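Residue numbers start at 1 and run along the sequence shown. Read the numbers this way: they start at 1 and go in the same order the structure lists the ligands and their atoms. Quick caveat, the model's predicted, so the values are computed rather than measured.
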Amino acid sequence: MRSYNATSPADWSAAGAWHTVPWSPVHGLHGVAAGATGPGAGNSSGSTGDSRDSTDISSAAFGGHSPAASTTPSQDGPGSRSGTTSAAPSTPTSPTSPTSFTSTAPTATTAPDLGPSPIGWLKSGIPYLPPTDALQLHTLDVWVPNHDNTNVPPDPLSPSSPSEAGGTWIVYIHGGAWRDPFITSASFAPAAGYLLHHAAEHAAGSGAPPPLAGLVSINYRLSPHPSHPAPRDPSRQARHPDHIADVLAALSFLGRVCIIKGGAVKTNWILAGHSCGATLAFQAVMHPARWKLSSSSSSHVLPPPRALVGFNGLYDLAGFVAAPPLAYAHLRDAYREFTTAAFGGDEDGWRAVCPASAGGQWVQEWPPTKKSVVLVQSREDSLVPWDQIDAMHARLADEGGVNVTVVESDGDHDDAWKKGGRMADILWGVVSEKV
Ligand SMILES: N[C@@H](CC(=O)c1ccccc1NC=O)C(=O)O
């Protein structure tokens, strides 16, 4: 795979249109959740020709997601309205999926009076590989907060672009067991909405630019899913190291383009992931030679993130399959199935690629001298046991040299991204350097 080095700011800004993310007067939030997932949700980033069958084996084994949340197509993602870039005042919209908001209390129940300005903008479906190489899932989405309460969407060429305001970029990698076509980059939309809300509130309250520069959510090629066959979709036939190669290609794209305004992301960003997205986030800081990639796709253009945040992460697949905790033993075959689809059948190979079990001293392969890991897990997670973060924590403690924080969250496995509020609060804490 070639890396993307032909991108000029103009190329990037031409990649799509900005969509406004408005306030909602109802919960002090905007309608972020409906259609946050699902092939094609929010952009062209999903896969094709597939629909969630609520009785499929993965749904049966893993509980599935609510069809309402996973199959409602939304072309525009979080709270955005139809149409393209809008510099016009946005009318706040109600959340279109009330269930998505029921159990996560927003930090503020009353929106500050920001007038008609949106709280931010979204550009989705941005290809991170050149057109000759890019498959359907080689895209990412970018949200930028409205730092100065204007109605002008960001222009990467403009010196007054919000990206100028500094702050930390958050880059997010979605989960879905390396294969679920209904969990895409757009699954970050609920958390992104809350984060933009935090940023707008911060700006309204203090007049100071928020600590958040922007958000990026990455798609990557998926492995085949027996319940959602897509034999003709080349972006659904991935096998390790394709997933991590794509993540590294996306990061390298971010380092080259001006999205990040001459490089704010280059020095100040954090990498977060949910479930197998957490596995990928940790793999992204391990030495790329471990993945035996071609040199161009493994070239690090971005300096490494200052922090990793893993939500409900998978850190030791071989350990789980060898000895699952009693309450999760019924998932053993399902784990074996998706792990084999993603990494092949060799269990020693699983050990070598998982961050809690990989040989060598990978923490030292992650260069910053001051680096942090935040491990977030819920005891109510019906798919991933708590002992995954125990294994990860033990491994990090063994190697040392990294500041580890364990955060207990609540809710089931996919609630973390479906609801998004707690995920956003934790990420806000990290960008504010409170966590
Ligand atoms: N919905 C997924 C299952 C899934 O996402 C999953 C199941 C068990 C443990 C972790 C999971 N996801 C991690 O990314 C599937 O259909 O395969």
Side-chain angles (χ1 to χ4, degrees), residues 36-39 46-47 50-67 69-71 137 172-188 217-230 236 238 240 243-244 246-247 272-283 309-321 324-325 327-343 350 353-356 375-378 380-389 391-392 411-418 423:
T37 65
S47 301
D50 202 355
S51 63
R52 165 69 68 188
D53 172 356
S54 58
T55 61
D56 69 37
I57 62 134
S58 61
S59 307
F62 298 135
H65 347 288
S66 115
S70 61
T71 58
L137 288 172
Y172 177 81
I173 309 171
H174 68 78
W178 292 275
R179 67 179 192 176
D180 190 333
F182 286 85
I183 304 180
T184 69
S185 62
S187 65
F188 191 51
S217 181
I218 296 174
N219 277 311
Y220 49 91
R221 281 171 291 167
L222 301 178
S223 297
H225 195 306
S227 305
H228 307 290
R236 300 270 304 281
H240 176 80
H243 321 94
I244 182 64
D246 289 354
V247 167
H274 177 256
S275 199
C276 72
T279 324
L280 285 161
F282 281 75
Q283 288 174 332
V309 189
F311 293 90
N312 311 69
L314 294 168
Y315 304 113
D316 181 6
L317 291 164
F320 180 95
V321 171
Y328 295 82
H330 62 289
L331 295 175
R332 189 185 207 160
D333 288 345
Y335 264 69
R336 189 181 279 119
E337 181 192 83
F338 73 65
T339 304
T340 301
F343 298 98
W350 305 353
V353 295
C354 282
L375 298 170
V376 186
Q377 182 58 40
S378 163
E380 294 155 19
D381 188 329
S382 63
L383 300 181
V384 175
W386 185 273
D387 74 349
Q388 286 288 308
I389 62 162
M392 193 64 239
D412 206 349
H413 188 66
D414 287 332
D415 288 344
W417 58 264
K418 280 187 181 173
M423 178 179 275

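Contact atoms of ligand 1 toward Gly175: 14 (O) (distance under 4.0 Å to a heavy atom of the residue). Of all atoms in ligand 1, listed by their number and element, those nearer than 4.0 Å to a heavy atom of Ser275 are 10 (C), 11 (C), 12 (N), 13 (C), 14 (O). Atoms of ligand 1 found under 4.0 Å from any heavy atom of Cys276 (numbered from 1 in listed order, with element): 13 (C), 14 (O). Each of the following atoms of ligand 1 lies closer than 4.0 Å to a heavy atom of Tyr335: 8 (C), 9 (C). Interface of Leu314 with ligand 1, defined as ligand atoms under 4.0 Å from a residue heavy atom, comprises 10 (C), 13 (C). When each atom of ligand 1 is checked for a heavy atom of Leu383 under 4.0 Å away, the hits are 7 (C), 8 (C), 9 (C). Close contacts between ligand 1 and His413 involve ligand atoms 10 (C), 11 (C), 12 (N), 13 (C) [criterion: under 4.0 Å to a heavy atom].
Taking any N or O of Ala177, backbone or side chain, at least one lies under 3.5 Å from an N or O belonging to ligand 1. Polar contact with ligand 1: absent for Trp178 (N/O pair, distance under 3.5 Å). In terms of N/O distances under 3.5 Å, ligand 1 is not approached by His274. Distances between N or O atoms of His225 and those of ligand 1 include at least one value under 3.5 Å.
For the salt bridge (charged side-chain N to carboxylate O under 4.0 Å, His left out) test, residues two or more places apart in sequence or in another chain that qualify with Arg336 are Asp333.
For the ring-ring contact (aromatic ring centres under 6.0 Å, His included) with His174, the lone residue among Phe188, Phe311, Trp417, Tyr220 that qualifies is Tyr220.
Counting only N and O atoms by type, the side chains of His240 and Ser223 include no donor and acceptor under 3.5 Å apart. A donor and an acceptor atom, one from each side chain of Ser275 and His413, are located under 3.5 Å apart.
Shortest non-hydrogen contact noted between Leu331 and Ser382 is CD1-O, 3.5 Å. In terms of heavy atoms, Ala318 sits closest to Trp350 at CA-CE3, 4.0 Å.
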Decide side-chain contact (heavy atoms from CB on, under 4.5 Å) for Tyr172 and Val309; before the verdict, give the C-alpha distance in whole Å, the side-chain angles of both, and the deciding distance to 0.1 Å. CA-CA 9 Å; Tyr172 177 81; Val309 189; over 6 Å; no
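Only the side chain of Phe338 comes within contact range of ligand 1, with a heavy atom under 4.0 Å; no backbone atom does.
We find that Arg332 and Glu337 are not joined by a salt bridge, their nearest charged nitrogen and carboxylate oxygen being 4.0 Å or further apart.
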